[in-house]
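Working notes for the structure below.
These numbers come from a predicted model, not from an experiment.
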Amino acid sequence: MKRLAIVLGMLLGAGLGAQAQWNQDGVPVADDASRKSAGDFGAMLVFTDRPEEFLAAWERVGAAAPVPAAERVARGKRLAGFVVFTGCAADAAGKCNAVVTFKLLKPDGSSYGDGDRGELWSGKPAPRKNQLQLSVGGMAFVPDPGDPLGRYTMIADIEDLVSGKKLHLEKTFVAVER
């Protein structure tokens, strides 16, 4: 199982002016389907098969938040998707108002169910410039016996309701028998 240290491994670059850039190990990397930016607003969709461990690590002040990264999930096991973001715009009261809608597509491309719109970060102080923040909401999936096996796509449509900026993120994982 590979581990990804979000805080140390993938950061939104500082000092780049109005156009932010994702960096990995200090080197700028281009946007991809699961990691995008629009000006100072950036987001990345991450998966873990141990969400409790990830959330507990995220809450430890000053520590990097290791993500037990997952690209596969076995029947009866859980895979969770979260959004790590930065740069949501502050309203006149200094609060962010950003939402996320998660959707899941089956291996044949059909919808697994209606997307649920939830809070990314709302009514809370805007994070400091280039500070990474974890979405309030996430999406979990447990493949049941009747679910098809194969490559699923999780989608996170994000909207900063203050700035009007939108990001569309997609990431795939594989459901297997065991």
Side-chain angles (χ1 to χ4, degrees), residues 3-14 20 22-23 31-71 73 77-105 111-142 152-173:
R3 295 175 70 79
L4 170 68
I6 290 180
V7 174
L8 297 176
M10 188 67 67
L11 299 173
L12 196 61
W22 286 102
N23 291 286
D31 285 354
D32 65 22
S34 68
R35 173 189 66 230
K36 293 186 180 169
S37 59
D40 287 338
F41 187 47
M44 177 172 55
L45 182 58
V46 297
F47 292 154
T48 181
D49 58 359
R50 297 186 307 230
E52 294 84 7
E53 179 182 327
F54 169 59
L55 293 171
W58 190 270
E59 291 300 318
R60 286 194 295 271
V61 176
V67 178
E71 296 175 5
V73 61
K77 302 293 182 182
R78 179 176 45 170
L79 180 128
F82 295 98
V83 175
V84 176
F85 70 95
T86 189
C88 61
D91 63 15
K95 311 281 184 181
C96 287
N97 189 8
V99 294
V100 58
T101 302
F102 285 100
K103 299 175 193 166
L104 188 62
L105 302 179
S111 177
Y112 190 81
D114 293 334
D116 291 327
R117 183 175 179 177
E119 178 183 354
L120 181 78
W121 194 254
S122 295
K124 297 172 182 59
R128 292 183 316 273
K129 184 175 174 86
N130 298 318
Q131 175 187 4
L132 293 177
Q133 186 61 52
L134 182 64
S135 59
V136 172
M139 175 182 244
F141 174 67
V142 178
Y152 284 76
T153 301
M154 188 178 292
I155 297 170
D157 284 315
I158 301 163
E159 183 175 5
D160 182 332
L161 299 173
V162 176
S163 71
K165 293 178 181 175
K166 297 178 182 182
L167 299 172
H168 175 85
L169 306 177
E170 294 186 13
K171 190 168 182 159
T172 63
F173 62 89

message = Rounded to the nearest 0.5 Å, what separates atom NZ in Lys124 from atom SG in Cys96?
response = 10.0 Å
query = Is there a donor-acceptor contact under 3.5 Å from the side chain of Asn97 to the main chain of Val162?
reply = no
inquiry  = My understanding is that only residues two or more places apart in sequence, or in another chain, count here; which of them pass ring pair (Phe, Tyr, Trp, His ring centres under 6.0 Å) with Phe82?
reply    = Phe54
ask   = Would you say Ser122's side chain and Ala98's backbone share a donor-acceptor pair under 3.5 angstrom?
value = yes
remark   = Nearest heavy-atom approach of Ile155 to His168 is CG2-CE1, 3.4 Å
ask   = Would Phe102 and Met154 satisfy side chain to side chain contact (heavy atoms under 4.5 Å, CB included), going step by step from the backbone distance to the final call?
value = CA-CA 7 Å; Phe102 285 100; Met154 188 178 292; 4.2 Å; yes
query = Stepwise, does the side chain to side chain contact (heavy atoms under 4.5 Å, CB included) test hold for Trp121 with Val83?
reply = CA-CA 10 Å; Trp121 194 254; Val83 175; over 6 Å; no
task = Find the distance between CG (Asp157) and CG (Leu120) and round it off to the nearest 0.5 Å.
result = 12.0 Å
ask   = Taking 4.0 angstrom as the limit, do Asp49 and Lys77 come out as a salt bridge?
value = no
query = Has the side chain of Asp160 got a donor or acceptor atom that lies under 3.5 Å from a matching backbone atom of Lys165?
reply = no
inquiry  = Are Leu169 and Lys36 packed together at the side-chain level, in the sense that at least one heavy-atom pair is separated by less than 4.5 angstrom?
reply    = yes
remark   = Gln133 and Pro127 have their tightest heavy-atom pair at CB-CG, 4.0 Å
query = Side-chain contact, heavy-atom cut-off 4.5 Å: Phe85 with Ile158?
reply = no
key: Audit row: Leu45, Glu170, side chain to side chain contact (heavy atoms under 4.5 Å, CB included) steps and yes/no   = CA-CA 7 Å; Leu45 182 58; Glu170 294 186 13; 6.0 Å; no
Asp31 side, atom CG; Met44 side, atom CE - distance, nearest 0.5 Å = 11.5 Å
query = Distance from Thr153 atom OG1 to Lys103 atom NZ, nearest 0.5 Å?
reply = 12.5 Å
remark   = Nearest heavy-atom contact between Leu167 and Ser37 is CD2-C, 4.0 Å
request  = Give the ring-plane orientation class for Tyr152 versus Phe141, where under 30° counts as parallel, over 60° as perpendicular and anything between as tilted.
outcome  = tilted
query = Is there a side-chain contact between Trp58 and Val84, using heavy atoms and a 4.5 Å cut-off?
reply = yes
remark   = To the nearest 0.5 Å, atom CZ of Arg50 lies from atom CD of Glu52 at 10.5 Å
task = Give a yes or no answer on whether the side chain of Thr48 reaches the backbone of Ala80 with a donor-acceptor pair at less than 3.5 Å.
result = no
